[in-house]
Amino acid sequence: MKIRVGFGFDVHPLQEGRPLWLGGMQLPAAKGAVGHSDADVLIHALCDAILGAANLSDIGTHFSNKDPKWAGMDSKFFLKEVTRMISERGWKIENVDCTVTLEEPKIKDHISGMKEVLAPLMNITVDDVSIKATTNERLGYVGRQEGVNAYAVALLSKPE
Ligand code: MG
């Protein structure tokens, strides 16, 4: 059995009047994330972790933010596609672990919903999806609510 770990990071600016998509769900929030697609920072970090583990470059390479085809795109599509790409090469996701840094809103009550949405897109169970959140202790751009970060790791396996 071959085992590989991958890491992903993403950041998006926050702006008033924009929808906040996070972990495949639209959350009630005063500010939403700005981006070419739906700007779901958690899914983008996850995609990069999975692609990284399979050494398949990054989300921007496969779904360019210059390509009008992906404008306003639901990021769940990207996660499903990334899972398909690694599956075609014989890889299976074992588990993922993510952390979101965000001051507002508190996402604790939405985490179980996010797991339910994301797990099937990666062909894993909710037990294999860990999502954590922390504030940035009011420091820096996250602390000033100017942006949101997400970090993710993914473990992939493949029979030898
Ligand atoms: Mg992004």
Side-chain angles (χ1 to χ4, degrees), residues 4-87 91 93 95-108 110-111 113-124 129-136 139-156:
R4 283 220 195 135
V5 68
F7 172 73
F9 168 76
D10 196 29
V11 54
H12 281 272
L14 290 172
Q15 208 174 76
E16 264 165 47
R18 298 272 304 197
L20 180 65
W21 283 93
L22 201 60
M25 293 173 64
Q26 189 178 348
L27 306 185
K31 287 181 171 184
V34 183
H36 184 63
S37 63
D38 66 4
D40 191 322
V41 71
L42 177 50
I43 291 189
H44 296 180
L46 258 178
C47 286
D48 266 6
I50 296 164
L51 287 168
N55 203 354
L56 287 173
S57 190
D58 54 38
I59 187 171
T61 303
H62 300 286
F63 311 103
S64 168
N65 63 4
K66 308 277 184 291
D67 191 336
K69 192 164 53 172
W70 309 125
M73 192 73 188
D74 181 343
S75 292
K76 291 191 280 294
F77 171 83
F78 301 142
L79 187 56
K80 213 172 167 177
E81 273 300 290
V82 162
T83 303
R84 187 188 58 75
M85 287 164 59
I86 60 123
S87 303
W91 293 105
I93 300 167
N95 77 301
V96 296
D97 182 23
C98 322
T99 298
V100 179
T101 66
L102 179 70
E103 296 293 324
E104 292 287 339
K106 299 287 176 268
I107 67 166
K108 185 166 54 84
H110 303 287
I111 283 178
M114 291 179 192
K115 291 179 179 179
E116 299 272 353
V117 170
L118 299 180
L121 302 174
M122 296 183 280
N123 300 326
I124 53 182
V129 183
S130 160
I131 301 171
K132 312 184 298 296
T134 177
T135 70
N136 216 46
L139 295 167
Y141 62 86
V142 172
R144 292 189 297 271
Q145 301 184 41
E146 294 167 3
V148 52
N149 289 338
Y151 306 81
V153 289
L155 193 73
L156 269 54

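As a basis for the values below, the full set of heavy atoms in this structure was taken, side chains included, without hydrogen atoms, waters or symmetry mates. Read the numbers this way: they start at 1 and go in the same order the structure lists the ligands and their atoms.
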*Asks:* Assign the ring pair Tyr151 / Phe7 to parallel, tilted or perpendicular, where the plane angle (0 to 90°) is split at 30° and 60°.
*Replies:*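 Because their plane-to-plane angle lies in the 30° to 60° range, the rings of Tyr151 and Phe7 count as tilted.
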*Asks:* Using the six-membered ring wherever Trp is involved, compare the ring planes of Phe77 and Phe63 and label them parallel, tilted or perpendicular (cut-offs 30° and 60°).
*Replies:*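 Judged by the thresholds at 30° and 60°, the geometry between Phe77 and Phe63 is perpendicular.
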*Asks:* How wide is the angle at the Mg ion (ligand 1) spanned by His12 NE2 and Asp10 OD2, rounded to 10 degrees?
*Replies:*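 About 90°, to the nearest ten degrees.
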*Asks:* Would you check, one step at a time, whether the test side-chain hydrogen bond (donor to acceptor under 3.5 Å, both in side chains) holds for Asn65 with His36?
*Replies:* CA-CA 6 Å; Asn65 63 4; His36 184 63; over 6 Å; no
*Asks:* Hey, is the main chain of Ile59 close enough, under 3.5 Å, to the side chain of Asp48 for a donor-acceptor pair?
*Replies:*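 Confirmed, Asp48 side chain pairs with Ile59 backbone.
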*Asks:* From the N, O or S atoms in His44, identify the one nearest to the Mg ion (ligand 1).
*Replies:*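 Of all N, O or S atoms in His44, the Mg ion (ligand 1) lies closest to ND1.
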*Asks:* Do you see an N/O/S atom of Asp40, backbone or side chain, under 2.8 Å from the Mg ion (ligand 1)?
*Replies:*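 No, Asp40 does not qualify, because none of its backbone or side-chain N, O or S atoms lies under 2.8 Å.
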